[in-house]
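In what follows, a structure is listed as structure tokens, so that the remarks can point back to it.
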There are 2 protein chains.
Amino acid sequence: MNQSIICPRFEKAVSLLSQRWTTLLIYQLLSGPQRFGTIQSSIAISGRVLSERLKDLEQQGIVKRDVIPETPVRIEYSLTEKGFSLEPILKEIENWSQEWVKKEELDD
Amino acid sequence: MNQSIICPRFEKAVSLLSQRWTTLLIYQLLSGPQRFGTIQSSIAISGRVLSERLKDLEQQGIVKRDVIPETPVRIEYSLTEKGFSLEPILKEIENWSQEWVKKEELDD
DNA sequence: TATTTTTAGTTACTTTATGTAAGTTATTAT
DNA sequence: ATAATAACTTACATAAAGTAACTAAAAATA
């Protein structure tokens with residue numbers, strides 16, 4: 001009954017972006033390196049999940065974690081090249097949303 | 001501590017596409033109208049969730065449900081104009097995946 | 001010096017989302 | 001009349017996410 005198998009690379013990319021918070025997190029980091037607390041307060045993610053996601057994205061080479069030896073030590077998260085390469089996707093989502101998401105459906 | 005508030009339309013679009021299976025489901029319908037069973041066997045979604053997603057997407061004006069009066073009656077799901085308008089996003093994801101998803105990371 | 005704050009998390013527990021498998025209703029094929 | 005198929009739905013199990021309290025290390029304050 002089935003036909004055209006879906007490309008596994010595409011599936012992988014979709015499953016990455018379908019993880020709750022991941023897209024918003026990357027979007028947030030597009031505006032520059034940020035600390036744990038800043039990210040947490042800019043999107044509504046819980047600390048537990050943010051920590052999980054950051055580890056995950058770091059492991060996938062999308063996010064980079066830097067310990068900055070100031071006093072006090074500062075920990076900064078930023079996008080890698082691979083992370084930044086997702087920008088066109090996010091821009092398309094942004095364009096789409098401007099055109100197709102109406103005021104009436106904004107109360108989640 | 002927070003700054004730049006994220007556009008609510010963008011957030012809405014992201015939350016739509018971050019629902020598990022939604023992107024793959026839309027992708028599948030890009031190739032034309034399909035029946036419940038066909039969709040179910042082309043992506044690995046369970047009947048319970050597929051039914052839920054279709055109702056949801058129908059309500060958001062992305063998917064259309066048609067009862068085709070053949071014998072036996074056939075029920076077809078297809079994309080609306082709004083649904084098709086998501087294609088550029090999916091194409092961007094596809095492009096990205098070809099460039100950035102490596103063989104090594106394909107075993108989910 | 002002791003006490004409180006701040007940052008970057010982690011842990012334990014609850015709620016929500018998804019998966020699994022069996023059941024339902026209507027129609028059709030045997 | 002009996003079995004099969006399509007499109008769901010229901011009940012229950014497991015996994016993912018939310019909540020809130022806790023920790024460790026350093027720094028600021030009393």
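These figures come from a predicted structure and were not determined experimentally. Throughout, protein chains are lettered first and strands after them, A, B, ... in sequence-line order, and every chain is numbered starting at 1.
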What is the per-nucleotide protein-contact pattern of nucleotides 18-30 of chain D, from the 5' end, where B denotes a base atom under 4.0 Å from a protein heavy atom, S denotes such proximity for sugar-phosphate atoms only, and - denotes neither? BB-------S---
Identify the two heavy atoms, one from Gln40(A) and one from Gly47(A), that lie closest to each other, and give their separation to 0.1 Å.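 Answer, listing the atom of Gln40(A) first, then Gly47(A): NE2-N, 3.3 Å.
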Using only side-chain N and O atoms of [X], determine if any of them is under 4.0 Å from OP1 or OP2 of [N].
X	N	value
Arg35(A)	dT6(C)	no
Tyr77(B)	dC8(D)	yes
Lys55(B)	dT9(D)	yes

To the nearest Å, give me how far apart [atom1] ([X]) and [atom2] ([N]) are.
X	N	atom1	atom2	value
Phe36(B)	dA26(C)	CZ	P	18 Å
Arg53(A)	dT10(C)	CZ	P	14 Å
Gln40(A)	dT6(C)	CD	P	15 Å
Ile39(B)	dA6(D)	CD1	P	14 Å
Leu50(B)	dT18(C)	CG	P	13 Å
Glu76(A)	dG9(C)	CD	P	13 Å
Asp66(B)	dA7(D)	CG	C1'	15 Å
Asp56(A)	dA16(D)	CG	P	11 Å

Tell me every residue that passes ring-ring contact (aromatic ring centres under 6.0 Å, His included) with Phe36(B), counting only those two or more places apart in sequence or in another chain.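 Testing Phe36(B) for ring-ring contact (aromatic ring centres under 6.0 Å, His included), a comparison that skips the adjacent residues, returns none.
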Show the numbers, then the answer: is there a side-chain contact (heavy atoms from CB on, under 4.5 Å) between Gln28(B) and Thr38(B)? CA-CA 10 Å; Gln28(B) 189 61 25; Thr38(B) 310; 5.5 Å; no
Is there a path from Ile68(B) to Tyr77(B) through hydrophobic residues (I, L, V, M, F, W, Y) whose side chains come within less than 4.5 Å of each other?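 No, separate clusters.
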Should Val101(A) and Trp96(A) be marked as a side-chain contact (heavy atoms from CB on, under 4.5 Å) after you check the CA-CA gap, both sets of side-chain angles, and the distance that decides it? CA-CA 8 Å; Val101(A) 179; Trp96(A) 184 85; 3.7 Å; yes
In sequence, state the C-alpha distance, the side-chain angles, and the governing distance for Ile62(A) and Leu16(A), and then conclude on side-chain contact (heavy atoms from CB on, under 4.5 Å). CA-CA 11 Å; Ile62(A) 289 172; Leu16(A) 167 71; 3.6 Å; yes
List for me each residue that meets side-chain contact (heavy atoms from CB on, under 4.5 Å) alongside Lys103(A), sequence neighbours excluded, and say none if there are none.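 Here the qualifying residues are Arg9(B).
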